[in-house]
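Everything on this sheet refers to the single structure shown next.
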Amino acid sequence: MLKIGIIGCGFIGCHICRAIDNGAVDVELHALFDSSEIKALELVASLKRYSPAYMKIEELLYSVDLVIESASQDAVRSIVPQALEAGRDVMVLSVGALVDEELRTKLFKLAKQNNCKLYFPSGAVVGIDGINSASAAGISSITLTTIKPPSGLSGAPYIANMGIELEKIKKETVIFEGSASYAVKAFPANVNVAATISLAGIGFERTKVRVVADPTLARNVHEITVEGEFGKFFTRVENLPSPENPKTSYLAALSAVSTLRKILNPVKIGT
Ligand SMILES: NC(=O)c1ccc[n+]([C@@H]2O[C@H](COP(=O)([O-])OP(=O)(O)OC[C@H]3O[C@@H](n4cnc5c(N)ncnc54)[C@H](O)[C@@H]3O)[C@@H](O)[C@H]2O)c1
């Protein structure tokens with residue numbers, strides 16, 4: 001049975017562990033690591049079927065077949081290269097770290113050299129399957145439009161730098177338009193979504209991002225419009241935040257479990 005090691009026991013890590021523990025995915029939950037040992041041990045205590053060991057990173061990487069990073073961009077930078085060097089397959093949730101071209105090149109090279117797989121689940125967006133298919137021919141444009149209630153944009157560097165008064169926004173307003181590479185610095189909370197789309201499609205420079213504030217909204221909406229040789233498609237997801245971490249959409253945790261099932265299943269449906 002495939003042995004799994006989870007790095008990061010927050011909302012997504014816990015959700016994956018519970019899905020394995022309740023039999024939704026047929027793998028062995030072998031080891032856990034979190035920079036907060038207490039958090040990891042609380043998770044272990046709450047499980048019914050498995051009792052994964054809390055291990056140091058170096059030990060964990062040599063004890064499992066697949067490492068799941070559900071921690072932070074820092075963890076991607078420090079742990080994922082080690083995991084690939086150890087010959088382990090890795091699923092990365094903090095995909096925003098791959099905005100860094102140097103890191104991206106390094107990880108892809110290590111995966112190739114060590115014959116490992118790097119998995120990036122679709123996360124909080126819908127339509128990565130269509131982008132993958134469209135990539136087999138030419139894609140001329142991809143636009144991500146993120147629509148949030150104004151309060152959901154507070155704290156973004158772009159809002160402070162431009163002196164935007166979010167509380168004065170009374171109707172749907174376009175706040176930002178630019179490349180994904182600029183958008184991830186201006187709106188770091190959008191980084192995972194923009195990164196996954198850019199990696200699947202036409203890269204960080206050519207992917208366009210619009211950020212819209214809408215005071216009538218309660219959910220975080222992501223719309224993707226893709227045009228290419230295949231024609232055109234449009235997707236829209238209205239994400240519910242997870243109860244434990246309002247910054248993370250519930251769909252992101254579900255996409256990690258679904259990716260795990262796809263890895264195991266001999267029948268693979270969808271691109
Ligand atoms: N791909 C997507 O679409 C998508 C969507 C939502 C969240 N994410 C990303 O997935 C990651 C996990 O999200 P979450 O909601 O579970 O976060 P969370 O804050 O609930 O949990 C993260 C956990 O990782 C631990 N951690 C942080 N840095 C660590 C490190 N260097 N080593 C070990 N443990 C570390 C923290 O202590 C915490 O327990 C985040 O980076 C988040 O940005 C991706």
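For ligands, and for the atoms within them, numbers begin at 1 and follow the listed sequence. Owing to the predicted nature of the structure, the values given are computational and were not obtained by experimental measurement.
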Aromatic contact, H15 with Y250 (centres under 6.0 Å) = yes

message = If hydrophobic residues (ILVMFWY) are linked whenever their side-chain heavy atoms come closer than 4.5 Å, directly or via other members, who joins F234 in its cluster?
response = none

ask   = Under the salt bridge (Lys or Arg N to Asp or Glu O under 4.0 Å) rule, what pairs show up with a residue in residues 166-192, not counting sequence neighbours?
value = E165-K168, E177-R210

request  = Would you mind checking if K3 and E28 are paired as a salt bridge, meaning a charged N to carboxylate O distance below 4.0 Å?
outcome  = no

ask   = Would you call R104 and E102 a salt bridge, using N to O less than 4.0 angstrom?
value = no

query = How would you list, by chain and number, the residues with a heavy atom under 4.0 angstrom from ligand 1?
reply = G8, C9, G10, F11, I12, F33, D34, S35, K39, S70, A71, S72, A75, L93, S94, V95, G123, A124, N192, N245, T248, A252

key: E59: side chain to side chain donor-acceptor pair (under 3.5 Å) partners, not counting sequence neighbours   = none

